[in-house]
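Everything below concerns the one structure shown next.
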Amino acid sequence: MAMIAVEVVLEKLVTLLAEEAQFLGGVRRGVSEVRDDLESMRSFLQDAESRTETEKGVETWVKQVRDVAHDTEDILDEFSSRFSLPSRPGRLPRFFHFIRHLRTRHRLAGQIEDVKTKIKDISNRRNAFSFRRIEDATSSSSTLNTWHDLRRASLFIDEADVVGIENPKRVLISWLLEGERNLTAISVVGTGGVGKTTLVKKAYDSQVVKKYFDCRAWITVSKSFTAAELLRSALKEMLEEAKEIIPMGFETMGESQVVSKLKEYLQEKRYVVVFDDVWSTNSWEIMKFAFPNCCSGSRIVFTTRISDVAASIEISSHVYHLQPLPEEDAWKLFCMKAFRRESEGVCPKELENMSRSMLKKCGGLPLAIVAIGSLLYKKDKHVLEWKRVHDSLYSEMKSDSSLESLERILLLSYHDLPYHLKCCFLYLSIFPEDYLIKRMKIIRLWVVERFVEEKRGLTMEEAAEEYLNELVSRSMIQVAHIDYFNRVTTCRVHDVMREIIQLKSRNESFVLILNDKRMSLDEKIRRMAIHDSCEELPLDMRFASLRSLLVFGPSMLLGMAFFKGFRLLGLLELDGTQLFEFPPELSKMIHLRYLSLRRTMIRELPESIGKLKNLEILDIKHTRISTLPHGILKLKHLFQLRGYGYSFPSSTPFALTHGMSLPVGIGGLTKLQKLVSVEVNGNGDMVREFGKLTELRRLGILQLTRENGMDLCYALEKLKHLSSLYMVSIRTTEPLLHLDSLSTPPRFIQRLYLKCRLPNLPKWITSLSYLAKLVLQDSYMSDDPLKALQGLPNLVDLELRDAYAREELCCDVGGYPRLKFLALIMLRQLKSVRMEQGSMPEPRVLDIVACEKLEMVPLGIQHLRNLQDLLVWNMPDEFQQKIERPHGEDF
C-alpha cells in the first residue's frame with residue numbers, strides 16, 4: 001500500500017515545513033525537494049499499484065516507493081522526537097534549544113540527502129514501465145485477464161450445482177414465468193463464489209424457461225466492456241439460436257446501429273437476457289434503450305456482487321440475495337467432493353473432526369467447498385496429512401491449481417475496489433479468526449490509520465462509515481448484526497477471504513500477525529497484531545519502525561518490559577489485556593494518536609499522559625479509572641475521550657452508569673467530538689465548560705443536580721452539531737429543573753437518554769425531527785408520553801423505564817410511523833395500553849417488563865403486522881396465563 005505510505009509522509013513534510021521551518025536551517029531546502037519528488041511520484045502510483053498483480057517488475061518498483069516513504073517517515077518522526085520545541089516561551093530558551101540540536105539537524109541533513117538519492121534512482125526506473133498519471137490512467141492490461149478469470153469462474157462454480165439449489169431455483173423460475181407483463185429486472189446478489197452464476201444458469205437452461213421465451217441470450221460482462229460489444233453478443237446469440245442469418249458488417253456496427261438492430265429484432269417477442277457478473281451501476285443505463293417493453297413478460301437478469309447494482313435499476317424488479325449454504329447442505333457437498341469413490345461420499349469417523357474444521361473455513365461458499373474438497377480428495381486419507389493442509393492453506397493456494405483459481409476468483413472483488421477501500425479491506429486481516437468486528441471500532445481504526453479521505457460536510461467517522469457500507473454493498477464483508485436503524489453493528493470477514501487477505505497483506509508488508517514464522521530480525525514492520533499470545537515475540541527484538549500494535553486476547557498478561565522499543569508507535573490497542581497499571585513507557589510514545597486501554601485493570605492515569613501531544617482518541621471504557629489528571633488538558637488534538645462503565649445492582653433491572661471526573665478547563669480541548677461520560681457532581685463551572693466544545697457530536701453527563709439546569713440549557717444551545725446526548729441526575733428522586741429553558745435545542749439530535757425526574761415532558765423534545773432513539777428513565781411523568789411523542793417522524797426506538805405514573809397509555813391513528821422497538825419497563829401504575837388501528841405500522845419488537853398492574857396485552861396488538869418478537873418478563877401470573885399457548889384468551 002505505497003500510496004498510503006506516501007500520503008502519510010507528505011502530510012508530515014507539510015507540517016514540518018510549516019511549523020518548524022525556522023529550526024530546519026539549511027535542511028529546509030532538502031526537505032522541500034523530498035516533498036516535491038514524492039508528490040510527483042504519487043501521481044504515478046495508482047496506475048502502478050493496479051498493475052502489481054500482473055507485472056513483477058512494477059511490483060518491485062511499488063515496493064521501493066513504499067520503503068523510501070517509510071524511511072522518510074521514520075527520519076521525520078525521529079527528528080521531531082529529538083527536536084521538539086521547548087515548553088517555556090521566549091527567545092533565549094529557543095536559541096539554546098537551536099544550538100543544542102545542531103548535531104541533530106546535521107544528521108537530518110545527511111539522511112535527507114540519502115533519501116533524495118534513493119528517490120532519484122526510483123524515479124529513473126519508473127520510465128521503464130511507461131506509467132500513466134492517475135488522471136490519464138485507463139484500464140490496465142490486467143482487465144483482460146480479469147475477464148478471462150470471470151469466464152473460468154463461471155465454469156468452475158458449475159461443479160457446485162448439485163446441492164442446495166432447488167429452492168432458490170424454484171423462486172427464480174417463478175419470477176421468470178409469472179407476475180406482471182411489463183419488462184422486469186431480476187437481480188441475484190451475493191459474494192463471489194456463493195453460486196450466483198450456477199443458480200441462474202440452471203434456471204435459464206430449464207426446459208420450462210426455454211419453452212416460455214421466444215429468444216434468449218447469456219452475456220458474461222467483462223469490466224472493460226463496451227455497450228456495443230455486449231449488445232452485439234446478445235443479438236448474435238439470439239440469431240444463432242434461431243438459426244437466422246447474421247447480417248453483413250455485423251462485427252463493425254457501432255453502438256447506435258446495434259441498439260436499433262436489437263430493438264427491432266425484439267419487437268413483439270418475449271425474451272430473456274442474462275448479464276452475468278455485473279460490476280458497474282451504470283451498466284444497465286448504457287444498454288437499456290436496446291430492450292423494448294412489449295408487455296409480453298420479457299425479463300432481464302443480472303448476477304452481481306454489488307447490491308447497489310440491483311438498487312440502481314429503475315424498472316420493476318426482484319432481488320434475490322443468495323446466501324451461503326446451510327451447514328447440512330455444505331457438509332453434503334463437502335463429502336461428495338472429498339470422498340467421491342472409495343467412501344461413496346461418506347466421511348470416515350477418524351477424519352470427521354478435521355473435516356468439520358476444514359468445512360468451517362469455507363463458510364458455506366460452494367466454490368470454496370468444491371475447491372478444498374477436491375484438494376483433499378487428492379490427499380492421503382490420514383488425519384496428520386489433512387491437518388497439514390488445514391494449517392498451511394496459504395501455501396496450498398499457491399501450489400494447487402483449484403485453490404489458486406479460488407484465490408483469483410475471490411480476489412476479483414478486491415481488485416475492483418477503489419484505491420481507498422483496498423487499504424480498508426486489507427486492514428481487516430488484523431482481526432483473529434471468527435472475530436466479530438464492531439462498526440465503531442473499525443471506523444476509529446481506519447480514521448487513525450489515515451485511510452479515510454476528508455469529505456466536505458462529514459466528520460471523518462461519518463466518511464469511514466460510508467466506506468464500511470460500500471464494502472458491505474460489494475459483498476466483501478459479512479454482516480453479523482444490524483440495529484433498528486439499519487446500521488451494521490457487527491461484521492466479520494469470510495474465513496477463506498481472511499486467509500487470502502492475510503497472505504496478501506503479509507506479502508505487501510502491510511500487517512504482520514505475530515505468529516508468522518517468516519518474521520526476520522531486520523524486517524521493517526509497520527503494523528503488527530498479536531492473537532492470543534505474545535510468547536513468539538523474542539525479548540531481544542525491537543521494532544523501531546512499528547507504527548500500529550493491536551493486541552487481541554482477554555487472557556493476555558503484559559509485563560512492563562513489553563512496552564520498550566515502540567518509540568514511534570502511533571496506534572496501540574490493548575482492549576481486554578491483563579494490564580494492572582499504566583506502563584511508564586507509554587508516556588514516551590509521543591507519536592501516539594490512538595490509545596485503547598478498554599477493559600484493562602488500570603486504576604489511574606499519570607500526569608505524564610499530557611506528553612502524548614498527538615493523541616486523538618483515548619478509550620478507557622470499562623476500566624477502573626474514575627478521575628483524570630490535569631495532564632489531560634494538554635492533549636489539544638484529542639477528538640474522542642471515552643470513559644464509562646456499568647454495574648448491575650440487584651435492586652433495579654437497570655444498569656448504573658459510572659463515568660469519569662475531569663479537571664476544570666476541559667473546554668480548552670476544542671477538537672473534542674465525543675466526550676462520554678463525565679461526572680460533574682453538581683459543578684456548574686464544569687457544566688458551562690461543555691458549551692465551549694462546539695464540535696461535540698456525542699456527550700454524556702452524569703451526576704447533575706437541579707441547580708445545573710440553567711447552565712446545562714445554556715451549554716446545550718451552543719452545541720449545534722450534537723447528535724447524541726446522555727444525561728443522568730445525581731439522585732433519581734431529585735427533579736432536573738429548567739429543561740424547558742432550552743429554547744433552541746441542537747436540532748440534529750438523534751439519540752437522547754434522560755435519567756431524571758421529569759414531572760412533564762420538556763416541550764422541545766417533540767420538536768426534534770431527527771430523533772431516532774429516546775430513553776426516558778426514572779421520569780415518573782404524569783402526562784402520557786406515548787401520546788405526546790407519537791408525532792416524532794423518525795423515532796425508531798422508544799424505551800419507557802419507570803417513566804410514567806398513570807394507569808393508561810394510548811397511541812392514536814398515524815402515530816409512530818417508523819417505530820421498530822418499544823419497551824414498557826417498570827411502569828408500576830399502568831393498567832392498559834391502547835394502540836389504534838393505523839398507528840405503529842413498523843414495530844418488530846415489543847418488550848413488556850415488570851408492569852405489575854398491566855392486565856392484558858395492548859389493545860390493538862393484532863394490527864402490528866410486522867411484530868416479530870414479544871418479550872414478556874417478570875409479569876403477574878394472570879397476564880402470563882392470558883398469552884400462553886394454546887388456550888390463553890390473548891394468545
Side-chain angles (χ1 to χ4, degrees), residues 644 654 656-657 659 667 675-694 696-795 797-806 809 825-827:
Y644 60 91
F654 312 123
L656 294 182
T657 306
L675 178 59
V676 285
S677 284
V678 183
E679 294 187 356
V680 297
N681 297 306
N683 187 331
D685 291 337
M686 176 64 71
V687 174
R688 285 190 291 274
E689 290 267 312
F690 298 140
K692 301 175 183 178
L693 304 175
T694 55
L696 277 179
R697 268 65 176 176
R698 183 176 176 188
L699 174 63
I701 315 173
L702 312 179
Q703 305 294 337
L704 288 159
T705 66
R706 68 167 70 190
E707 289 78 15
N708 298 142
M710 292 296 290
D711 290 332
L712 183 60
C713 291
Y714 168 80
L716 292 177
E717 287 180 355
K718 305 289 185 184
L719 307 182
K720 303 300 184 184
H721 300 294
L722 201 65
S723 62
S724 179
L725 177 61
Y726 186 104
M727 295 191 295
V728 181
S729 66
I730 200 165
R731 289 180 294 275
T732 59
T733 56
E734 179 172 349
L736 184 61
L737 300 179
H738 308 302
L739 281 186
D740 269 328
S741 301
L742 187 58
S743 58
T744 53
R747 60 187 294 248
F748 297 111
I749 285 186
Q750 298 173 38
R751 288 164 183 78
L752 179 61
Y753 183 116
L754 296 177
K755 182 182 178 183
C756 55
R757 201 67 175 266
L758 287 174
N760 299 298
L761 192 72
K763 293 183 175 58
W764 53 267
I765 291 181
T766 58
S767 71
L768 300 176
S769 58
Y770 296 98
L771 191 64
K773 179 173 182 175
L774 175 62
V775 178
L776 299 174
Q777 183 174 326
D778 300 326
S779 308
Y780 217 62
M781 290 180 292
S782 55
D783 293 339
D784 181 350
L786 203 62
K787 183 179 285 288
L789 298 165
Q790 63 186 356
L792 288 171
N794 290 298
L795 194 63
D797 183 334
L798 175 61
E799 301 177 40
L800 303 176
R801 307 174 178 176
D802 198 9
Y804 183 51
R806 298 294 179 89
L809 288 171
I825 304 174
M826 276 186 66
L827 306 182

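- In this structure, T694 and H721 approach most closely via the heavy-atom pair O-CD2, 3.3 Å.
- Heavy-atom minimum distance, D783 versus Y804: O-CE1, 3.3 Å.
- A heavy-atom distance below 4.5 Å is found between the side chains of Y726 and L702.
- Within 6.0 Å of NZ on K787 lie more than 12 heavy atoms contributed by other residues, nucleotides or ligands.
- Considering every non-hydrogen atom in both A788 and T766, the closest pair reads O-CG2, 3.5 Å.
- Counting heavy atoms from C-beta on, the side chains of T744 and K720 come closer than 4.5 Å.
- To the nearest 0.5 Å, atoms CG (D711) and CD (E689) are separated by 11.5 Å.
- If you take CG on L776 and CG on L800, they are separated by 6.0 Å, rounding to the nearest 0.5 Å.
- The two residues I765 and L792 make their nearest non-hydrogen contact at O-CD2, 3.7 Å.
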Test side-chain contact (heavy atoms from CB on, under 4.5 Å) applied to L739 and L712, step by step: CA-CA 8 Å; L739 281 186; L712 183 60; 4.3 Å; yes
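- Inter-residue side-chain proximity for R757 and Y780 is flagged as met; some heavy-atom pair is nearer than 4.5 Å.
- How far CZ of R747 is from OG of S769: 6.5 Å, rounded to the nearest 0.5 Å.
- Between M727 and L716 the shortest side-chain heavy-atom distance falls below 4.5 Å.
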Would L789 and L761 satisfy side-chain contact (heavy atoms from CB on, under 4.5 Å), going step by step from the backbone distance to the final call? CA-CA 9 Å; L789 298 165; L761 192 72; 3.5 Å; yes
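- The structure places NZ of K773 at 7.5 Å from CZ of R751, a figure rounded to the nearest 0.5 Å.
- Atom OH of Y753 is surrounded by more than 12 heavy atoms from other residues, nucleotides or ligands within 6.0 Å.
- Note: S779 OG to N760 CG = 11.0 Å, rounded to the nearest 0.5 Å.
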Go through the steps for F654 and K755 under the test side-chain contact (heavy atoms from CB on, under 4.5 Å), then give the verdict. CA-CA 11 Å; F654 312 123; K755 182 182 178 183; 5.7 Å; no
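- In plain terms, the two heavy atoms of L719 and F690 that are nearest each other are CD2-O, 3.3 Å.
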Between R806 and D784, does a side-chain contact (heavy atoms from CB on, under 4.5 Å) hold up when you go through it step by step? CA-CA 8 Å; R806 298 294 179 89; D784 181 350; over 6 Å; no
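- Distance alone, capped at 3.5 Å, places no donor-acceptor pair between the Q750 side chain and the A772 backbone.
- The distance from atom OH of Y770 to atom CD1 of I749, rounded to the nearest 0.5 Å, is 13.0 Å.
- Side-chain atoms of D778 and V728, non-hydrogen and from C-beta on, never get closer than 4.5 Å to each other.
- Looking at I730 and N708, their side chains never come closer than 4.5 Å, going by heavy atoms from C-beta outward.
- Considering every non-hydrogen atom in both S741 and E717, the closest pair reads O-OE2, 3.7 Å.
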